[in-house]
Amino acid sequence: MPVTIDDVRATTSTFPRSYEAEVRGCARFRVGRIVYAGFGRDESAMGIAFPKGMREGIVSGEPDKFVMPRASDLRYNWIGVRLDAIDAAELRELLEDAWTMVVPKSVAAAYFGDALT
């Protein structure tokens with residue numbers, strides 16, 4: 001069963017300092033002013049924070065799940081994810097990784113029980 005924006009909300013609500021905001025009618029998940037996950041209007045896919053150097057590898061390895069950002073967004077650490085191609089466990093892993101990219105290391109370390117240090 002594909003994951004939905006409600007699954008994203010449930011997952012991100014467990015992350016310290018994370019909150020949801022609406023930007024031009026679309027959901028964005030943030031830490032401070034930094035967006036680490038976001039949706040378009042149809043909510044069938046989301047963009048997440050993702051290391052630039054790893055994008056091409058994951059997109060070419062799993063093109064049914066991941067897509068490169070628009071050309072205008074290639075300068076950002078971002079990748080697209082098709083929600084109908086992932087399950088709840090993979091969703092949590094992707095969101096945790098994206099959140100970890102934008103939250104202070106001390107906050108992430110406390111969340112993960114100091115496993116990051």
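Everything quoted here is computed from the prediction, not taken from an experiment. Each residue takes its place number in the sequence, starting with 1.
- V103 and M46 fall within the same hydrophobic cluster, where Ile, Leu, Val, Met, Phe, Trp and Tyr residues are linked whenever their side-chain heavy atoms come under 4.5 Å apart, directly or through other members.
- The environment of CZ in R70 is sparse: at most 12 heavy-atom neighbours from other residues, nucleotides or ligands sit within 6.0 Å.
- D7 places a side-chain N or O within 3.5 Å of a backbone atom of T4 that can act as its donor or acceptor partner.
- A donor atom on one side chain and an acceptor atom on the other are found under 3.5 Å apart for S44 and D42.
- Nearest heavy-atom pair, Y76 versus K52, reported as atom, atom and distance to 0.1 Å: O-CG, 3.7 Å.
- Using a 4.5 Å cut-off between side-chain heavy atoms of Ile, Leu, Val, Met, Phe, Trp and Tyr, with links allowed through other members, L74 and M101 fall into the same hydrophobic cluster.
- The side-chain contact (heavy atoms from CB on, under 4.5 Å) search around E56 returns M68, not counting sequence neighbours.
- Taking 4.5 Å as the limit, every side-chain heavy atom of V67 sits out of range of all side-chain heavy atoms of I79.
- Under a hydrophobic-cluster definition in which Ile, Leu, Val, Met, Phe, Trp and Tyr are linked whenever side-chain heavy atoms come within less than 4.5 Å, directly or via other members, F66 and V3 are assigned to the same cluster.
- In the hydrophobic clustering of this structure, Y19 does not group with L95; members are Ile, Leu, Val, Met, Phe, Trp, Tyr whose side-chain heavy atoms approach within less than 4.5 Å, directly or through other members.
- Between the side chain of R55 and the backbone N or O of W78, at least one donor-acceptor pair lies under 3.5 Å.
- Pairs engaging residues 21-41 under the side chain to side chain donor-acceptor pair (under 3.5 Å) rule: S18-Y36 [sequence neighbours left out].
- Between A98 and A49 the shortest heavy-atom distance is CB-O, 3.5 Å.
- Scanning for ring pair (Phe, Tyr, Trp, His ring centres under 6.0 Å) contacts around F15 gives W99, Y111, with sequence neighbours left out.
- With hydrophobic clusters built from ILVMFWY side chains whose heavy atoms lie under 4.5 angstrom apart, V8 shares a cluster with V31.
- Here the side chains of L83 and P2 are not in contact, with every heavy-atom distance at 4.5 Å or above.
- Scanning all heavy atoms of the two residues, the minimum distance from P104 to R17 falls at CG-NH1, 3.4 Å.
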Decide yes or no on side-chain contact (heavy atoms from CB on, under 4.5 Å) for F50 and N77, but give the supporting numbers first.
CA-CA 5 Å; F50 196 86; N77 290 312; 5.9 Å; no
